[in-house]
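Since this is a predicted model, take the numbers as computed values, not measurements. Just so it is clear, the values below take in all heavy atoms, side chains as well, and ignore hydrogens, waters and symmetry mates.
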Amino acid sequence: MDVVNGLLIGLQSAMEPTTLLYCFIGVFLGTLIGVLPGIGALATISLLLPITYHIPPTAAIVMLAGVYYGAQYGGSTASILLNLPGTPSSAVACLDGYPMAKQGRAGVALFMTTVASFVGSMIGILILALFAPGIAELGLKFGPAEYFSMMLLGLIAASTLASGSPAKGLAMVAVGLLLGTVGTDVNSGQVRYDFGVPELMDGINLVALAMGIFGISEVISSINQVRDAKSQEKITFRGMMPTGKDMRDSIMPMLRGTGIGSFFGALPGTGASIASFMSYAVEKKVAKDPTRFGNGAIEGVTAPESANNAAAQTAFVPTLSLGIPGDAVMALMLGALIIHGIQPGPLLMTQQPDLFWGLIVSFGIGNIMLVILNLPLIGIWVAILRIPYRVLYPAILVFISLGVYSVNNNTFDVLMVAGIGALGYAMAVLRFEAAPMLLGFVLGPLMEESLRRALLLSRGDMMTFIERPISAWLLAFGAALLLWSVWGALKRTVRASERRADFSDAAGR
């Protein structure tokens, strides 16, 4: 069956009133839980799963999928306005989105994230429709050695996320790796670094880490600050419109972010969080002036947003084409399919064309709904900035506590997020940045698991990472990136010494 015929079949299925209704319910709930910090798509889909018993299969999957990719749209809202990640994948939006809000450009930031999310999603849907079988086949060629090399490349790139000292960036990556080792080792079952605390047996909660580092620390550091008058200005539609420079600066980052997100989304076990961080690292590396990042660079918002939305779409590739869920949310989606007697796999496209193509077309319809839904709400969201601090900050702390508690229904997580918030404040005072630590935390456990699995399969032979072509190319690229960073640091050192020498000569004369 060719793509055009498939899309026509999908259009007929997706345009049924019942499917459209549940598509809207899904994207609306997704946006809402994305804006509310900490709840996340996983908890929402878990709660909605029993409801799917009573509705048609296509409508059920469309609704659950709408929650998933709708959360990517809403997740950046709290990140930009309050420095509070709505979802783990939107944590990177804090880095430049929140500085834009403090500069009085919150409306522009939210408008551009909606545009970037739409572009990333629609291109991701196109890739899903055209290349699903091929992408799934490529994903199968990635074994443990390839995953390890890819994660190592990501950690090398993570050292570039810090805008200050590269040494501090590497130190924060190391801290993230250490935090990622807390909990039960998946290979041996041995509990590591729990210090006798039973709640740490499952490791540190990513939601608690992100909200503590960004949200709690921001509340602490802003207690004695006077609010900038720019952040309280009333937002008009004209004020939300980006400048021509904003658009020009965003086009290539959005396309690069979409490519990165589409690739990582199609790989089992990676997902939107890794895609958004990797996209940010790439943009900072290719930027002519990397010092702009962390201070309100529009590329630092649009690239990660397009990446995580593209990843949310292509994450369905291994789930639908191979029956392999890429993450916990996709595992729930797989469960929903099986509940309705649908067996995901290579034959799904031919045996259930209504479902497969209807789902793809509904993604497009859902994203159009999200744009229509989100753009009028920007002015409402920005109005949050005009709420007095004495009301806003207690409300933020309540939302953080509720969001963190709702993940595992555990009060220990609330205490953990408070401790992490204090750590985040200390890091901010000492000018240690959180982004490299977060990426180290996300990639570390996956990297360790892949390393040990690769060595088990090769009976301890380290050459397996070089003998496999994809792994060898990834390692070579990582080495080149490392050498490039060292060369750039050496050039800056030489220039600084030359300037000091010139200044000394001038002073001597």
Side-chain angles (χ1 to χ4, degrees), residues 92 127 131 134-135 137-162 166-167 169-170 172-174 176-177 252-288 290 293 299-300 303-304 306-308 310-311 314 435-436 438-440 442-451 453-455 458 461-492:
V92 72
I127 291 171
F131 306 113
I135 294 174
E137 187 177 342
L138 176 64
L140 287 177
K141 292 181 180 179
F142 271 68
E146 286 78 11
Y147 275 111
F148 170 79
S149 300
M150 185 172 63
M151 301 300 168
L152 182 61
L153 173 62
L155 289 181
I156 293 171
S159 63
T160 68
L161 286 175
L170 288 171
M172 295 316 294
V173 169
L177 289 172
M252 289 310 296
M254 283 193 290
L255 294 177
R256 282 190 292 263
T258 300
I260 292 169
S262 299
F263 174 73
F264 279 98
L267 294 176
T270 51
S273 297
I274 292 175
S276 60
F277 276 102
M278 291 292 283
S279 175
Y280 188 88
V282 167
E283 289 309 312
K284 188 168 182 182
K285 202 66 184 175
V286 303
K288 293 180 180 178
F293 284 76
E299 309 97 293
S306 59
N308 64 34
T314 56
L438 269 179
L439 188 58
V442 171
L443 291 182
L446 297 171
M447 183 178 171
E448 180 193 9
E449 186 177 343
S450 298
L451 171 65
R453 191 176 296 162
L455 291 176
S458 65
D461 184 7
M462 295 292 292
M463 292 300 293
T464 186
F465 298 103
I466 300 173
E467 290 170 351
R468 297 176 69 92
I470 297 176
S471 175
W473 276 108
L474 289 169
L475 289 175
F477 188 65
L481 185 61
L482 192 59
L483 290 173
W484 185 22
S485 300
V486 171
W487 174 248
L490 287 174
K491 283 202 301 184
R492 287 192 295 270

Could you tell me the separation between the [atom1] atom of [X] and the [atom2] atom of [Y], rounded to the nearest 0.5 Å?
X	Y	atom1	atom2	answer
E283	M254	CD	CE	10.5 Å
L255	S306	CG	OG	8.0 Å
T258	N308	OG1	CG	10.0 Å

Point to revise | Set of side-chain contact (heavy atoms from CB on, under 4.5 Å) partners for P144, sequence neighbours left out | key: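 Listed in chain order: R453, A454, L457.
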Review point. Can you name the side-chain contact (heavy atoms from CB on, under 4.5 Å) partners of L455, sequence neighbours left out?
Key: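 Applying side-chain contact (heavy atoms from CB on, under 4.5 Å) to L455 gives L451, S458, M462, F465.
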Of all heavy-atom pairs between [X] and [Y], which one has the smallest distance, and what is that distance?
X	Y	result
I466	A472	O-CB, 3.3 Å
S149	L474	CB-CB, 3.8 Å
S262	T314	O-OG1, 3.1 Å
F148	S450	N-CB, 3.8 Å

Check your understanding: Hey, is the main chain of A303 close enough, under 3.5 Å, to the side chain of S279 for a donor-acceptor pair?
Key ->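 Yes, S279 side chain to A303 backbone: donor-acceptor pair under 3.5 Å.
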Point to revise | Contact list for residues 463-475, test salt bridge (Lys or Arg N to Asp or Glu O under 4.0 Å), sequence neighbours left out | key: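 Only E146-R468 qualify under salt bridge (Lys or Arg N to Asp or Glu O under 4.0 Å).
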Practice item. Identify, with sequence neighbours excluded, every residue that meets salt bridge (charged side-chain N to carboxylate O under 4.0 Å, His left out) alongside E448. Key: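 Only R192, R452 meet the salt bridge (charged side-chain N to carboxylate O under 4.0 Å, His left out) criterion with E448.
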Check your understanding: Within a strict 4.5 Å, meaning less than it, do heavy atoms of the F293 and E299 side chains meet?
Key ->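 When only atoms from C-beta onward are counted, E299 and F293 do touch, with a gap below 4.5 Å.
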Exercise for review: Please tell me if the side chains of V286 and M252 come closer than 4.5 Å, counting only heavy atoms from C-beta onward.
Suggested key: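 No; the side chains remain at least 4.5 Å from each other.
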